[in-house]
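Ligands are counted one by one from 1 in listed order, and the atoms in each one are counted from 1 as well. Along the sequence shown, residues carry numbers from 1. Computation of the quantities below employed the complete heavy-atom set of this structure, encompassing side-chain atoms and omitting hydrogens, waters and symmetry-equivalent molecules. As the structure is a prediction and not an experimental result, all values here were calculated from the model.
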Amino acid sequence: MQVSHPSTTQISSNSRHMGLGQIQSWSEHTFGIAGEATNGFFKITIYNESIIRIQVSKSELFDSNPYAVVVEPKATDFKASETDQYLIIESEMIHLSLQKSNSALCFRDHKGNILNEDDSLGIAWIGTEVNCYKKVQKDEHYLGLGEKTGGLDRKGKAFTNWNTDYFGYGIEDDPLYMSIPFYLGVHEGGNYGIFFDNPHKSVFNFGASTNRFMYFGAEDGDMDYYFIHRPTLSEIISEYTHLTGKMQMPPKWALGFQQCRYSYYPDSEVKTLAQTFRDKDMPADVIYLDIHHMEAYKVFTFDGEKFPDAKSLIKELKKKGFRVVVIMDPGIKAEDNYTPYVEGKEKGLFVTYPDGQEYQGQVWPGWCAFPDFTKEETRNWWGEKMKFYEDAGVDGYWTDMNEPASWGQFTPNLIEFSFEGTGASHRKARNVYGMQMARSAQEGAVKQRKKERPFILTRSGYSGIQRYAAAWTGDNVASEEHMLAGVRLVNSLGMSGVAFSGFDVGGFAGEASKSLFARWMSIGAFTPLFRAHSMINSNDAEPWAFGEEVEEISRNYMKFRYGILPTLYSKFYKSTQDGLPLSQSLAIHFPLDKKVYSSAYQNQFIFCDAFLVAPVESTKEITKVYLPEGGWYYLYSDDFYSGSKEIYMDCPLNYLPVLIKSGSTFTMQSPVSHTGEKHDGILRVHVYRGEKGSTFVHYEDDGNSFDYTKGSYFQREISYDPDQKALTFKQCDGNYHSDFSELEIFFHGFQMDTVQVNGKNHAVNQQDFAFLGKLTEFDPLPEHDHPYHEIKNLKSIKIKHDKNEILISGLL
Ligand code: MIG
């Protein structure tokens, strides 16, 4: 067969559209098909019944990214065939056709519904740039794409993936710190996900400046994407994390409240800070040391004056139940007698110009060399250097500036990275750099300490970052709109595999008003990462710095957060298994419900599968809330609303609108001042009457070690079945002895006076109950109106908790 290849000179000099062209030949390989078209090569690989990988390259040697995908294709039944016009490849879930004349792809579900199809322009190049043009399906919505600003629905907008340090970004600005080239498509024909695994600078255009198509593409490299189809978005997100990995179980303390500031120093200030949390009865677990902990901003040092004895300081903080997280920036001061610099230089671990000269950029310490984290040797070396912090007792690491950032914010593209030995320029390596730094921090901490789980928080990242670190959304601004934008960012990150994320509560740049801070704290309590932070030279921004009202509101929500620790911990564990986020945009559950995308409701989300949170500006006293189908209980009073409607709801500053999904269950514990403190041994189980039931998987382990991976955990299903009118605690799994010896079960929305526990009658108690404390009635009158809600006559029982099955029936 005659195949004509354009010469390389022609390609590089011709900056015009060139399609993949006509299919010339094809053949089957173990996991799919591969072949040649007029202008390039293609390979289609069935990863499993719901994932198909599409690769198109100008070279027979496809260029794949070694960093994101962690699984190999698994042997899956598929059928490849050919008609006059098409090549067809089918798995159980996906039917894919490839039009021979122009190589355009069309993905259908097994019923024949079109899920996603190429425009006739298909996959094509413009010089080195490669793009894939897709038809927009009727009423299609686009979701996800990780840390992207803007609305929940990405339609009509274009986004760039190029990790960028963006201080005080606006709520429509792009790009930010992290790149996750994965989006979800939703329309009547079905749901799908596309993960474009090309780390070069890439673009996703969902219809900006064009009404013909949507497209995604990159400056260089291959067209290499994974098409994922399952019926629900949850399953698609799960499959995406099957490809790119799941978060590891964080230490329990990382779920507590975290206090940061740029920067707390000297040591006496840090001690006072810790003591103030305890004195004020505000639970907290983590204190951060920002860049002032270092001597002249040199990583792996403590400033001798500000922190003369970091080890003793950390020891003292630990006694109070605090953990310490230190910041690490990648830049290493280029200074001849500074050991990390000398070593890195000697071992050739730094990024260089193509002629071998060390690359330097300016950051806090002055001119710096940059460790090449795309090289295993560098990652290991950095991990060993962390011994400095490990010896001082540091518990967690915060990898900042890892885009990488430097003054001037414009790294020259020619500098060279190892890219696991294959070599790559900055164009290809930038977007994965931060992720490899976070990886190095995680692996380093695990290697050093062996027994304790580390916590890593990163600013930059790429697809798969969830395996190594939690993420925060960088330098946000103290404004109402930023608070809400942060919720969307977290929800979007969640749809993109990053389950553990948060924003700087209170806003990093600028000054939060009293009400803004209070509202932000209440939203933060329902965010996977609950961390307050603020900028250098800004006013104090601890939860007590805004006056008594704000302090009381903050305390209430901090305590509620600690109350739901058993739920949080269980749901974090669940996420390590299924990859699903803790904060779930309503769109995940109701993708075809247009209301979910409206500007009024796009910020709403479901937290821990039970709490419907409707974030709202602190300046509002009343807000509209959208209640999706089902029934909903107002958290604070148990007032019941039937769903599929919009309601007006009061949102006084002391009550963030939160509703509980009928039929759901969550668990709580007694108040503690930090996650390591012993609770009273009673697991409070809150069950909400509903037409549909649910299963809550309760999970416990020691909270800190890796023993759970060897069976030392306690897990059991708690199932509420409205048809059987029963709540069942299934036989427990695992050999960890539960921390809870008793169960107190609260029945919300139920009427009975007696239940049967394992067949025996058991009287039901009844008392008024409040999730949040009553606010002091300050004199003179407070600035805001503070109503007080209680749940009247809440029914409950108390019983023993052990490993055996418990059946509670007669729930009416
Ligand atoms: O150039 O370490 O986003 O959280 O406090 C600023 C100082 C560097 C940026 C981070 C911010 C941190 C700050 N860092």
A.B. asks: Under the salt bridge (Lys or Arg N to Asp or Glu O under 4.0 Å) rule, what pairs show up with a residue in residues 491-501, not counting sequence neighbours?
C.D. replies: none
A.B. asks: Does NZ or CZ of R278 come closer than 6.0 Å to the centre of the six-membered ring of F322, within 45° of the ring's axis?
C.D. replies: yes
A.B. asks: Can you pull the salt bridge (Lys or Arg N to Asp or Glu O under 4.0 Å) pairs that have at least one residue in residues 296-309, sequence neighbours excluded?
C.D. replies: E295-K298, K298-E335, D303-K306
A.B. asks: Ring of F417, cation from K375 - is the NZ or CZ under 6.0 Å from the centre and inside 45° of the axis?
C.D. replies: no
A.B. asks: So which of H674, M282, M521 actually passes side chain to side chain contact (heavy atoms under 4.5 Å, CB included) with F257?
C.D. replies: M521
A.B. asks: Can you list every protein residue that has a heavy atom under 4.0 Å from any atom of ligand 1, sorted by chain and residue number?
C.D. replies: Y262, D290, I291, I327, W364, W398, D400, M401, R459, W472, D475, F508, H533
A.B. asks: The criterion is salt bridge (charged side-chain N to carboxylate O under 4.0 Å, His left out); which residues satisfy it with K311, sequence neighbours excluded?
C.D. replies: none
